[in-house]
Every structure is written in structure tokens, then in C-alpha cells.
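Worksheet: the structure to be examined is printed underneath.
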Amino acid sequence: MMSKIKKLMSDCKCIDCDNRFCAFAVLNDSEIKLLCNNHAEVKFKKKEIIIKQGALTTNVVYIKSGLVKEHITGPNKKEEILQIVKSPFFLGIHAMFSDRINQYSLTAIEDTTVCFINSEILKILLRKNSEFTYQILMHVCKDQINNFHQCVNKVQKHLHGCVADAILYLADNIYESDHFKLSITRSDIAGLIGTSRECVSRALAKFSHEGIIDLNNKTVKILNKSLLQKISEVG
DNA sequence: GCATTAACCACAG
DNA sequence: CTGTGGTTAATGC
């Protein structure tokens with residue numbers, strides 16, 4: 001009997017997953033196994049759509065590795081980028097407690113690995129393991145607070161403040177370096193801060209002329225970070 | 001009025 | 001996909 005259980009556990013790949021989200025760390029072995037038996041790991045290439053706005057979903061999306069944009073097409077048919085997220089990250093939890101329709105799309109920006117996890121199974125785990133629920137709730141709240149700040153910033157700040165914000169965000173949170181190669185387009189940056197690609201181009205060129213950044217096609221090097229932060233603050 | 005800001009359009013690398 | 005120039009509309013001295 002024990003050996004049979006052991007055998008089953010050894011078949012569970014999730015137990016050895018080296019990219020486990022902090023929330024998963026509080027699951028016990030049988031819970032991990034339940035998760036494992038109800039998930040599918042899928043690799044996406046750059047630009048591939050992971051989930052589409054409007055589609056019915058029975059899964060939650062866990063970004064295991066890679067970079068993803070969360071975007072929504074508004075009533076005027078214009079695309080807005082809600083956020084760009086890096087692994088590890090949990091998405092699609094909202095749909096699970098509402099009408100199960102995706103309110104937004106997810107698209108891979110770089111090659112990405114995601115785990116689709118069955119929503120009903122996740123609900124069982126949330127009911128069963130309060131520490132897990134606590135972790136997930138914390139994640140959802142942090143995510144929402146970020147969204148609030150981003151929303152206020154893009155509505156109230158001027159163009160240059162928004163572009164400065166975007167550069168700092170990419171450097172600090174996404175690429176984790178002040179010298180990085182963009183894997184997103186100017187249009188994406190524009191979508192992120194709610195402006196046009198032309199304005200992003202002009203703002204970047206201006207920053208470059210003023211010696212705040214070094215710009216070379218897709219590579220960006222921040223030369224004067226404190227000034228960039230100042231621009232971000234005063235908007 | 002005049003200046004500034006930023007969106008939209010068109011065109012070209 | 002980007003960069004540039006021209007135009008236009010809104011807003012603030």
C-alpha cells in the first residue's frame with residue numbers, strides 16, 4: 001500500500017517543480033498530487049495567445065517561466081495593456097469566481113511555460129488549506145494594488161512621467177537591470193501607459209538626446225536614473 | 001491671443 | 001516595427 005502511494009507520488013512531477021510559486025510551498029504532498037493530476041503544462045512561443053478575452057475558461061493560469069502581457073480590448077476597440085508580468089505569477093483567478101469568461105487576454109512576449117490548473121480543484125484546495133488561501137489572497141491583493149497605482153498614474157501623469165515610469169518598471173521589475181534589451185515593441189509600451197506609439201518614440205528620443213538614457217533600437221541603458229525617477233515623480 | 005501638450009494621420013525607411 | 005513631420009483639439013497662462 002505504502003509503496004503504491006510512493007509510486008504515485010514519484011509520478012507527480014509537480015513535487016519536484018523547481019519553479020514553485022510561494023503559495024504552492026504550503027501545500028502538503030497529497031494536495032500537490034491533487035494539483036498535479038489536474039493540471040497541464042504548455043509551452044508558448046513568443047506572440048502566441050495563451051488565453052483570449054471573451055472565451056469560457058475552466059482553468060487558472062500559472063506562469064511558470066517567461067514573460068506575458070495581460071491586455072484588454074476596450075469598447076472603442078483599442079487595446080490597453082493592463083500589465084506585463086514575469087514568472088512566477090498567478091492569473092485568471094477572477095474568472096473562476098465570476099462568470100468564467102476571460103475578461104482579458106494573455107499573450108506570451110517571450111517563450112513562456114504555463115500551467116493550466118483546473119479551477120474546481122483550486123477551489124477545493126482553497127477551502128481545505130487556509131495557509132494556501134492566505135498566500136493566494138495576498139497575491140491577488142498585491143496584484144490589485146499594483147493595478148490601482150498603474151491606473152492612477154496613467155490617468156494623472158503627463159506623457160514623460162508615464163514613459164519614465166515604464167522604463168523604470170521594465171528595468172526594476174521585468175529585466176532587473178538598468179541595461180536591457182526590450183522584448184516588447186513601442187506600441188506595447190504605448191498600450192501600457194495609454195498613449196500612442198508615436199509619443200513613446202518621441203519621448204524616448206528626447207530622453208536619449210538629453211543623456212538620460214542610451215537608446216539603440218531595442219536596447220536601453222539608463223544613464224541618469226535619479227533624473228528619470230524625478231521625471232516619474234513630477235509627472 | 002499664444003504657448004504647450006498630446007493625439008491622429010500619412011509617409012518613409 | 002519605427003521615426004518624423006504636419007495638423008488639430010484641448011487646456012492653461
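In what follows, every chain begins at residue 1, and chains take the letters A, B, ... in the order their sequences are listed.
- One finds the CD1 atom of A:Ile121 at 4.5 Å from the CG atom of A:Leu34 (value rounded to the nearest 0.5 Å).
- The CD1 atom of A:Ile184 sits 9.5 Å away from atom CD of A:Glu110, with the distance rounded to the nearest 0.5 Å.
- Between A:Lys218 and C:dT2, a side-chain N or O to OP1/OP2 separation shorter than 4.0 Å is present.
- A heavy atom closer than 4.0 Å to some atom of DNA chain C occurs in A:Thr185, A:Arg186, these being the qualifying members of residues 179-190 of chain A.
- A side-chain donor-acceptor contact under 3.5 Å links A:Glu31 and A:Asn129.
- Whole-Å rounding puts the A:Lys206 NZ to B:dT4 P distance at 11 Å.
- The hydrophobic cluster containing A:Phe90 also contains A:Val140, counting ILVMFWY residues as joined when their side-chain heavy atoms lie under 4.5 angstrom apart, directly or transitively.
- For A:Lys123 and A:Phe97, the positive end sits near the middle of the six-membered ring, less than 6.0 Å away and at most 45° from its axis.
- Between the CG atom of A:Asn216 and the P atom of C:dC1 there is a distance of 19 Å, rounded to whole Å.
- Here the C1' atom of nucleotide B:dT5 and the NZ atom of A:Lys157 are 17 Å apart, to the nearest Å.
- A 4.5 Å side-chain heavy-atom check between A:Ile189 and A:Val163 finds every atom pair outside the cut-off.
- In this structure, the CG atom of A:Leu204 is 10 Å from the P atom of C:dT2, given to the nearest Å.
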Could you list all N or O pairs between the protein and nucleotides 8-11 of chain B that sit under 3.5 Å apart?
from	atom 1	to	atom 2	distance (Å)
B:dC8	N4	A:Arg202	NH2	3.3
B:dC9	N4	A:Glu198	OE2	2.7

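- Taking atom NZ on A:Lys46 and atom P on C:dC1, their separation rounds to 10 Å, with Å as the unit.
- In the hydrophobic clustering of ILVMFWY residues, with side-chain heavy atoms under 4.5 Å counting as a link, A:Leu67 and A:Ile50 come out apart.
- Listed by first then second residue, pairs satisfying side-chain hydrogen bond (donor to acceptor under 3.5 Å, both in side chains) with a partner in residues 218-234 of chain A read A:Lys157-A:Ser232, A:Asp165-A:Ser232, A:Asp172-A:Lys225, A:Asp178-A:Lys225, A:Asn224-A:Ser226, not counting sequence neighbours.
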